[in-house]
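A note on names: the letters A, B, ... follow the listed sequences, proteins ahead of strands, and every chain is numbered from 1.
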2 protein chains.
Amino acid sequence: MPTTPVTPAADPYSAACPSRQLLDRIGDKWTVLVLGVLTQSPRRYGEIARAVEGVSQKMLTQTLRHLERDGMVVRTVHATVPVRVDYELTDLGRSLSGPLAVLEAWAVEHIDVIEQARAAYDAPAPGEGSGGVGDGRGVRSGSRPSR
Amino acid sequence: MPTTPVTPAADPYSAACPSRQLLDRIGDKWTVLVLGVLTQSPRRYGEIARAVEGVSQKMLTQTLRHLERDGMVVRTVHATVPVRVDYELTDLGRSLSGPLAVLEAWAVEHIDVIEQARAAYDAPAPGEGSGGVGDGRGVRSGSRPSR
DNA sequence: CTGCATCCGATAGGATACTG
DNA sequence: CAGTATCCTATCGGATGCAG
């Protein structure tokens, strides 16, 4: 496979779809958080670990490796006595913050409605046995089937 | 917890953060795909199953239930002889397509650079022993550490 | 300090069989 | 047709221990 096999990439239902690849990456537990920390300024490994708080070394390292592999961050090792490693966003990494901000804005703006919907869905079925509904047109499932 | 414990929601590193909740939802394997299918028009269960292609009933049903719970889709059951169920996006669900499109645009636009970066990362270390780099300032890790 | 290796529990997700 | 239930595997992710 010398030249890239083109891969249409126009098919949203393919695993090779750019959207899917991006979602697989940012959908994990830490990537976006790490990206957020690095957006502010370059950071050392330990700083990121402390900033994100809750992430294990394993996951932090894995996340950083993935970001590095994708060309989103640059890893610089300083051969000092206590080893020091800096991570810095690349232009590519920085360019992602825009779309991410859009998504975050949507989330913040609609979280209330979502949580209301969840509460309504989780609540026990409302008494709908009063009015006549036998029109055979269809029934909205207001609450969870069984859970 | 009767009244919501407030949960600042301003802390990006909390599991209760709106952004995290959204990412947890769209980060899974099928949600965005199902959303995409429904964006076009209301669909029956079987139609979605065929359109997404590759999704199992289990996952499709689970995804639809999640979307319904979050108030993104409305599920309507028609009590006909062969049962018929329609799924339709709500205004909330439709409003998400914008941010999603932004993300997709970014992915499509940068996928080439990302794949190049990946190829470079996966490739064996390039011979950088030529030029003088012994300034002790730091070394960029050009390729993967071991795998 | 930074990170890799290993063990281990939790969860996501696929295949299959069965039901209203 | 539209699910539900069960089983099983792969992966995710945390804890711990070791190393350069």
Q: Evaluate the side-chain proximity of B:Pro99 to A:Leu103: yes if any heavy-atom separation is below 4.5 Å, no if none is.
A: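 Side chain of A:Leu103 against side chain of B:Pro99, heavy atoms only: contact under 4.5 Å found.
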Q. Below 4.0 angstrom from OP1 or OP2 of D:dT4, is there any side-chain N or O of B:Arg65?
A.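 Answer is yes, contact under 4.0 Å.
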Q) ring pair (Phe, Tyr, Trp, His ring centres under 6.0 Å) with B:Trp30: which residues, sequence neighbours excluded? A)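 Per chain and number, B:Trp30 pairs via ring pair (Phe, Tyr, Trp, His ring centres under 6.0 Å) with no residue.
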Q) Which parts of nucleotides 14-20 of chain C does protein reach within less than 4.0 Å, heavy atoms only, written one letter per nucleotide 5' to 3' as B for base, S for sugar-phosphate only and - for none? A) BBB---B
Q) CZ of A:Arg65 to CZ of A:Arg69: how many Å apart, nearest 0.5 Å? A)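 One gets 13.0 Å once the value is rounded to the nearest 0.5 Å.
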Q: Enter the distance from B:Asp70:CG to A:Gln116:CD here, rounded to the nearest 0.5 Å.
A: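 It is 12.5 Å, given to the nearest 0.5 Å.
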Q) CG of A:Asp28 versus C1' of C:dT11: gap in Å, rounded? A)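 A:Asp28 atom CG is separated from C:dT11 atom C1' by 15 Å.
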Choosing from [options], which nucleotide comes nearest the side chain of [X]?
X       : options              : result
B:Pro82 : D:dA2, C:dT2, D:dC1  : D:dC1
B:Arg84 : C:dG3, D:dA2, D:dG3  : D:dA2
B:Gln62 : C:dT2, C:dG13, D:dA2 : C:dG13

Q) To the nearest 10 degrees, what angle separates the axes at the start and end of the helix from C:dC1-D:dG20 to C:dG20-D:dC1, five pairs each? A)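 Taking the rotation axis at each end, their angle is 40°.
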Q) Is there a donor-acceptor pair under 3.5 Å between the side chain of A:Arg94 and the backbone N or O of A:Leu89? A)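 Looks like yes, one N/O pair under 3.5 Å.
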Q.
Salt bridge check, B:Arg118 against B:Asp122: does any charged N sit closer than 4.0 Å to a carboxylate O?
A.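 The answer is no: the pair does not qualify as a salt bridge.
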